[in-house]
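Each remark here refers to the structure printed beneath this line.
The analysis underlying the following values was restricted to heavy atoms, covering all of them including side chains, and did not include hydrogens, waters or symmetry mates.
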Amino acid sequence: MLRELKRDLQARISALLRARFSIEHDAVMEVPPRRELGDLASPVALHLARELKRKPRDIAEALAGELELPALVERLSVEGPGYLNFFLDRRTAAAHLLDAEPIAALDPPALDGKAAGKVIVEHTNINPNKAAHIGHLRNAVLGDILVRSYRALGYLTEVQNYIDDTGVQLADVVVGFCDLRGETAAEVAAHPDPFDYLCWDLYSEVGRWYEQDSARLERRRATLHELESGEGDRAALGRLVARRIVGRHLCTMARLGVGYDLLTRESEILRLEFFRTAFEKLHERGAIRLEAEGKNRGCWVMPLSESEEFQGLEDPDKVIVRSDGTVTYVGKDIAYQLWKFALLGRDFEYRRFEGWPALWETGPAEDAEVGGGPGGGGPPPFGGGSLVVNVIDARQSYLQKIVRAGLEALGHEDEARRSVHFAYEMVSLSPQTARVLGYLGEESEDQRLEMSGRKGIGVKADDLLDRLEAKSREEIVKRNRDLEGEELDRLARQIATAAVRYFMVRATTTRVIAFDLDEALSFEGDSGPYLQYSLVRAKNILRRLDEAGLAIAPDPDLVRAADPARWSDDLWDLVFTGAQAEQVVAKAAETLELSLIARCAVDLAQKFHAVYHKHPILQEEDVELRAVRLVALHVFRRSLRAICELIGVEEPDRM
């Protein structure tokens, strides 16, 4: 509702400016800082004062005297130096909000003012060599919330998870099984789960093994070549290890409600010669060159020294193909990015990922289906995005710039501009949580845990989730001693999931966050369980009304006819904050600052609790006043539930 109203007011102001002053101007609409100043405001008069050579207030008064107001606007006033402040008809607007979707799809969705096509979001992207850790949770949660937001706003959105199954990390685990432990593929396949935990320890063990004799690194190089060629026993073992690890990662992320449409395997980019095609395109455009001397002798590099974006770097030329013929990560990623935009002229083959019927992966021809076929049980047409968002931590910003530079070098400036790096900072543990989980001793003076996958130091995602569920269960039992069994387990999972998902999104992406168990699980304040508590409290109010034989369904007609004085500023502020949800979500998706959604949810919940204490419903005997408060409750509940759905905070039956 609010978005449409703002557009309507903007159109009316623009039309009046053309008629009154013969100028074209897109009026800005804002929400005033205090409710007594109105619900919407426009600084259009201040913006045009210089151009019209008139005082802003004179312009505002001229516009106010002639502007025809929409039905939902009760009155207009000129405030301050020349703001146009609009006051809504609270009765009509509140009744209207009862029928409106809290977060409605854009009509039509647009990117840069043009009709939007598909949005591709790539996230999670865990190396398939060991268990997922706490940092991967922030990536997956941010990516999933962005996807949910895009879909709520009406964008066709595809979720991809890139599987680096030809990289150094996987090669090291293969070396560990083959050369350090001397195991056969059958022995590796026979290892029970948690297989990813086994590989976590093996990965760090191999690192120490290399340090004892640097000549052993030759085993890594040989294994890398086999993984990239896809031939040989080590390549087969690599496929086995990667597949088992990916399956474990999918289970971990499913605990948080995170899912994917397509797993894109790096080995397929090489097998289907996607990179060779990209390499030839880059070579034809003169975007890469073979170095004949210097430290990059024998390497194919992308010279970037003339680009303003790479000025000042000590070595601005980026290696795309190493002198030994192996392809760097960024080289493969340029090819992958070209495919995402349907610029490569080639496509993958696809198959369903075993055990996950709704999930597709890129796969070899002998057991794959060609993509893009209409109808039937075949794969959907993957790729071909209008906007591509890569969710990767801030340390990869340089490489993401190079990917965009590769598209620009091939003449794809628009696609380069629509290649978006959603960067975020890392996750650590608070000292207290690190001690609780056993990563720091009680007497340790360290203020933070320095994590290192190579050294095997870090917080496994499943360990963290297990601990959160156990701690949730303890808190639930304190409050609900009658809960047990499956119901207790389900509620513990819901609270643990809400705790971690909300904690990962509540801070701005430019902040390193220190995860704290107690803070995340708090039932008060800035937390996921607090949002759940708010939803349950609203549901309990409706339950008690029903038990008392009072109406729980709002009566819009009664609200429209109610005395306007029934709508106090704080009661209306709760409703109006709920009405702003879709604007907040649209801005969060546009700016990639998803913490705006979390902030909106907590603001809404806090306003609800304040209103609940001051404006009780059950004890109110005035039928008209009770109806007004009931409408406010319903608008609040629908709005918070919609926002929580985006964050991934599930509404429990009770707390």
- Listed partners of E650 passing side-chain hydrogen bond (donor to acceptor under 3.5 Å, both in side chains), at least two apart: Q494

- Message: Can you confirm whether the side chains of D462 and T252 place a donor and an acceptor under 3.5 Å from each other?
- Response: yes

- Task: Taking R12 for its side chain and L67 for its backbone only, find out whether a donor-acceptor pair lies under 3.5 Å.
- Result: no

- Query: Should we say atom CZ of R417 is surrounded by more than 12 heavy atoms from elsewhere, each under 6.0 Å from it?
  - Reply: yes

- Any sub-3.5 Å donor-acceptor pair from R637's side-chain atoms to L640's backbone N or O? no

- Side-chain contact, heavy-atom cut-off 4.5 Å: S419 with V403? no

- Query: Which pair of heavy atoms, one from A581 and one from P102, lies closest together, and at what distance?
  - Reply: CB-O, 4.3 Å

- Can you tell me how far the CG atom of L465 sits from the CZ atom of R467, to the nearest 0.5 Å? 13.0 Å

- Message: Can you list everything that forms a salt bridge (Lys or Arg N to Asp or Glu O under 4.0 Å) with K118? Sequence neighbours excluded, please.
- Response: E158

- Task: Please name all residues satisfying salt bridge (Lys or Arg N to Asp or Glu O under 4.0 Å) with D546, sequence neighbours left out, ordered by chain then number.
- Result: none

- Among Y612, W572, F608, ring pair (Phe, Tyr, Trp, His ring centres under 6.0 Å) partner for F636: F608

- d(I120 CD1, L156 CG) to nearest 0.5 Å is 9.5 Å

- Who passes ring pair (Phe, Tyr, Trp, His ring centres under 6.0 Å) against Y162, sequence neighbours left out? Y336

- Query: For I647, does its backbone N or O pair with a side-chain atom of R148 as donor and acceptor, under 3.5 Å?
  - Reply: no

- Query: So, does D516 use its side chain to make a donor-acceptor pair with the main chain of T433 at under 3.5 Å?
  - Reply: no

- Message: Distance alone, cut at 3.5 Å: any donor-acceptor contact between the side chains of E593 and S595?
- Response: yes

- Output all residues satisfying salt bridge (Lys or Arg N to Asp or Glu O under 4.0 Å) with E487, sequence neighbours left out; order by chain, then residue number. R654

- Applying side chain to side chain contact (heavy atoms under 4.5 Å, CB included), name anything that partners I476, two or more places apart in sequence or on another chain. N480, L483, L488, L491, A492, I495

- Query: Hey, does the side chain of N85 reach the backbone of E79 with a donor-acceptor pair shorter than 3.5 angstrom?
  - Reply: no

- Message: Under a 4.0 Å threshold between the charged nitrogen and the carboxylate oxygen, would R35 count as salt-bridged to D569?
- Response: no

- Partner of V505 under side chain to side chain contact (heavy atoms under 4.5 Å, CB included), picked from I145, V649, L596, V500, is I145

- Message: Within this structure, what is the CG-CD distance for the pair L545 and E620, rounded to the nearest 0.5 Å?
- Response: 11.5 Å

- Item | Spacing of L646 atom CG and I597 atom CD1 [to the nearest 0.5 Å] | 5.5 Å

- Query: Are I392 and L399 close enough, and set up right, to give a side chain to side chain contact (heavy atoms under 4.5 Å, CB included), and what steps lead you there?
  - Reply: CA-CA 10 Å; I392 308 176; L399 295 180; over 6 Å; no

- Is the backbone of D526 close enough, under 3.5 Å, to the side chain of R506 for a donor and an acceptor to pair up by distance? yes

- Message: For the residue pair S430 / Q432, report whether a side-chain donor-acceptor contact shorter than 3.5 Å exists.
- Response: no

- Query: With sequence neighbours excluded, what pairs up with R91 under the side chain to side chain contact (heavy atoms under 4.5 Å, CB included) test?
  - Reply: D89, P564, W567

- Message: I need the single residue from R255, R493, K460 that forms a salt bridge (charged side-chain N to carboxylate O under 4.0 Å, His left out) with D466. Which is it?
- Response: R255

- Item | Distance-only polar pair, side chains of H249 and N161, donor-acceptor under 3.5 Å | no

- For the side chain of R3 and the backbone of A104, is there at least one donor-acceptor N/O pair under 3.5 Å apart? yes

- Sequence-distant partners of E475, side chain to side chain contact (heavy atoms under 4.5 Å, CB included), two or more places apart: K478, R479

- Message: Would the distance check show the side chain of R638 and the main-chain N or O of L97 forming a donor-acceptor pair, the cut-off being under 3.5 Å?
- Response: yes

- Sorted by chain and number, sequence neighbours left out, salt bridge (Lys or Arg N to Asp or Glu O under 4.0 Å) with K471 holds for D518

- Query: Of E415, H421, Q337, which is the lone residue that meets side chain to side chain contact (heavy atoms under 4.5 Å, CB included) with R404?
  - Reply: H421

- Taken in chain and number order and not counting sequence neighbours, the residues that satisfy side-chain hydrogen bond (donor to acceptor under 3.5 Å, both in side chains) with R537 are H609

- Polar side-chain atom of S522 near backbone of E524 as donor-acceptor pair, under 3.5 Å: yes

- Message: If the condition is side chain to side chain contact (heavy atoms under 4.5 Å, CB included), which residues does R151 pass it with, not counting sequence neighbours?
- Response: V147, T157, V159, D261

- Do R641 side-chain atoms and L535 backbone N/O form a donor-acceptor pair below 3.5 Å? no

- Query: What residues, two or more places apart in sequence or in another chain, satisfy side-chain hydrogen bond (donor to acceptor under 3.5 Å, both in side chains) together with R75?
  - Reply: none

- To the nearest 0.5 Å, tell me how far Y150 OH sits from L106 CG. 11.5 Å

- Do R418 and D414 meet the salt-bridge criterion of a basic N to acidic O distance under 4.0 Å? no

